[in-house]
Asker: 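Pasting a structure here, questions to come.
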Amino acid sequence: MILFFSGTGNSLQVAERLASLLDERLLNMECVGIPQLKDDEPLGIVFPVYAWGLPRLVKSFLKNINVGERYVWCVMTCGDDMGYADKVLQKALSRKLDAAFSVQMPNTYVCLPGFDVDSDELAASKRQKTMDRLAGIAEVIGNRSVCRELTRGGMAWCKTYLLRPLFNAFLVTDKYFKTSDACSQCGLCAKSCPMHDIVLQDGRVVWKHQDCTGCLRCYHKCPKRAVDWGKYTRGKGQKR
Ligand SMILES: Cc1cc2nc3c(=O)[nH]c(=O)nc-3n(C[C@H](O)[C@H](O)[C@H](O)COP(=O)(O)O)c2cc1C
């Protein structure tokens, strides 16, 4: 079984390819309850790295699973580097991973100055390199080998254990989302929010301030490019 979460499609693409290479069933953490695992069935977990750690949704989903002694592997997609996200995952699972990989995919984080989506060329080259790597990754997993292929990046410890808590406390929030006059109230943001945190109310898009996992799907998927996160996303691109 492969459990996955994908904010904007990168991790979905990786999870789908791995499911087909490994002939495994694929379950979306966004819309399933706690899955029943068969005895000794290997478990794969695919998700995007957020702030050198796990998306809130992934963390709370996995907290409720008892994975036992089975073979457990993960593939983390990231724009650049993943810090110690594998250790954060191990803590959530209360056990060691047998195999862990990080793969680069187009960047989706745009909410702070200096962060924007990748150019089309860079996005395409990251995607291609990763898709080319997946057959090798699937072979390692298929053989149930123990393996680590991780791009931790510089200052990895500081990023995961000092910056991540601050990021999660102050920057994973729907408080700053708003729509511009370009919004046509099509409702796509509300329909697609994984946390059901957006509603259309009196002809306006309203973020409920209940639960936001910070995936930016509402920002990237808006067909009118009408969603902004404060002033920091003005003029920035959407992931294609
Ligand atoms: C809130 C947030 C935080 C992110 N943090 C990181 C990070 O720490 N390191 C990194 O390389 N990429 C980071 N990214 C980029 C994503 O991990 C990357 O683009 C990922 O492939 C997105 O996958 P998805 O399309 O399945 O959501 C972040 C993206 C978001 C939205």
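This is a predicted model, so every value here is computed, not measured. Atoms within a ligand are numbered from 1 in the order they appear, just like the ligands themselves. Position 1 is the first residue of the sequence; numbering continues from there.
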Asker: For atom 8 (O) of ligand 1, what's the nearest protein heavy-atom neighbour? Residue, atom name and distance, please.
Answerer: Trp52 N, 2.8 Å
Asker: Where's the contact between Asp81 and ligand 1, heavy-atom distance under 4.0 Å: side chain, backbone, both or neither?
Answerer: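 The answer is the backbone of Asp81.
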Asker: Using side-chain contact (heavy atoms from CB on, under 4.5 Å), reason through Gln210 and His196 one step at a time and then give a plain yes or no.
Answerer: CA-CA 9 Å; Gln210 280 177 0; His196 310 289; over 6 Å; no
Asker: Would one find an N or O of Gly214, backbone or side chain, under 3.5 Å from an N or O of ligand 1?
Answerer: no
Asker: So do the side chains of Tyr219 and Lys236 get within less than 4.5 Å of each other, counting heavy atoms only?
Answerer: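 Tyr219 reaches Lys236 side chain to side chain.
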Asker: Got an N/O contact under 3.5 Å between Met82 and ligand 1?
Answerer: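 Looking only at distances, the answer is no, because the N/O contact criterion of under 3.5 Å is not met.
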Asker: What protein heavy atom sits nearest atom 29 (C) of ligand 1, and how far away is it?
Answerer: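 Going by distance alone, atom 29 (C) of ligand 1 is nearest to Thr108 OG1, 3.4 Å.
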Asker: Output the rest of the hydrophobic cluster of Leu22: all Ile, Leu, Val, Met, Phe, Trp and Tyr residues reachable through side-chain heavy-atom contacts under 4.5 Å, sorted by chain and number.
Answerer: Ile2, Phe4, Leu12, Val14, Leu18, Leu21, Leu26, Val46, Tyr71, Trp73, Val75, Phe101, Val103, Met105, Met131, Leu134, Ile137, Val140, Ile141
Asker: Please identify which atoms of ligand 1 are closer than 4.0 Å to at least one heavy atom of Met105.
Answerer: 21 (O)
Asker: Quick one: nearest non-hydrogen protein atom to atom 19 (O) of ligand 1, plus distance?
Answerer: Pro106 O, 2.8 Å
Asker: With no hydrogens and no angle check, do the side chains of Thr233 and Asp228 hold a donor and an acceptor under 3.5 Å apart?
Answerer: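 Looking only at side-chain atoms, Asp228 and Thr233 do form a donor-acceptor pair, the distance falling under 3.5 Å.
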Asker: Return a yes/no value for Gly7: is any of its N or O atoms, backbone included, closer than 3.5 angstrom to an N or O of ligand 1?
Answerer: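 Checking ligand 1 against Gly7, an N or O pair does fall under 3.5 Å apart.
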Asker: Report the nearest protein non-hydrogen atom to atom 15 (C) of ligand 1: residue, atom name, distance rounded to 0.1 Å.
Answerer: Asn107 OD1, 3.4 Å
Asker: Pick one of side chain, backbone, both or neither for how Ala51 approaches ligand 1, counting any non-hydrogen atom pair under 4.0 Å.
Answerer: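 It is the backbone that gets close, since no side chain atom is under 4.0 Å.
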Asker: Less than 3.5 Å apart, any donor N or O on the side chain of Lys239 or Asn10 sitting next to an acceptor on the other?
Answerer: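 Side-chain D/A pair, Lys239 to Asn10: present.
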Asker: Evaluate Asp132 against Gln128 for side-chain hydrogen bond (donor to acceptor under 3.5 Å, both in side chains), listing each step before the verdict.
Answerer: CA-CA 6 Å; Asp132 291 346; Gln128 192 57 53; 3.0 Å; yes
Asker: Please check if any side-chain donor atom of Asp174 sits under 3.5 Å from a side-chain acceptor atom of Trp229, or the reverse.
Answerer: no
Asker: Looking only at protein heavy atoms, which one is nearest to atom 12 (N) of ligand 1, and what is the separation?
Answerer: Gly79 N, 3.1 Å
Asker: What residue and heavy atom of the protein are closest to atom 23 (O) of ligand 1, and at what distance?
Answerer: Pro48 CB, 3.3 Å
Asker: Considering the heavy atoms of Ser6, write down every atom of ligand 1 situated less than 4.0 Å from one of them.
Answerer: 24 (P), 25 (O), 26 (O), 27 (O)
Asker: Starting from atom 14 (N) of ligand 1, find the nearest protein heavy-atom neighbour and note its residue, name and distance.
Answerer: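 Of the protein heavy atoms, Val49 O, 3.4 Å lies nearest.
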Asker: Has ligand 1 got any nitrogen or oxygen that is less than 3.5 angstrom from a nitrogen or oxygen of Phe167?
Answerer: no
Asker: Can you confirm whether the side chains of Glu139 and Asn143 place a donor and an acceptor under 3.5 Å from each other?
Answerer: no
Asker: Taking atom types as modelled, is there a side-chain donor on Thr8 or Thr108 under 3.5 Å from an acceptor on the other?
Answerer: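 No, because no side-chain N or O of Thr8 sits under 3.5 Å from a partner of the opposite role on Thr108.
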Asker: Under 4.0 Å from any heavy atom of Ser11, which atoms of ligand 1 are there?
Answerer: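 Ligand 1 atoms under the 4.0 Å threshold to Ser11: 23 (O), 24 (P), 26 (O).
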Asker: Which protein non-hydrogen atom lies closest to atom 25 (O) of ligand 1, naming both residue and atom, and how far is it?
Answerer: Thr8 OG1, 2.5 Å
Asker: Using the rule that two of Ile, Leu, Val, Met, Phe, Trp, Tyr join whenever any of their side-chain heavy atoms come within less than 4.5 Å, decide whether Tyr232 and Val117 are in one cluster.
Answerer: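 Yes, it is one cluster - the side chains of Tyr232 and Val117 are joined through contacts under 4.5 Å.
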Asker: Quick check on contacts: which atoms of ligand 1 are under 4.0 angstrom from a heavy atom of Asp80?
Answerer: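 Near Asp80, the atoms of ligand 1 are 10 (C), 11 (O).
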Asker: Quick one about Arg127 and Gln13 (side-chain donor to acceptor, distance below 3.5 Å, no hydrogens or angles considered), yes or no?
Answerer: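 Short answer, yes.
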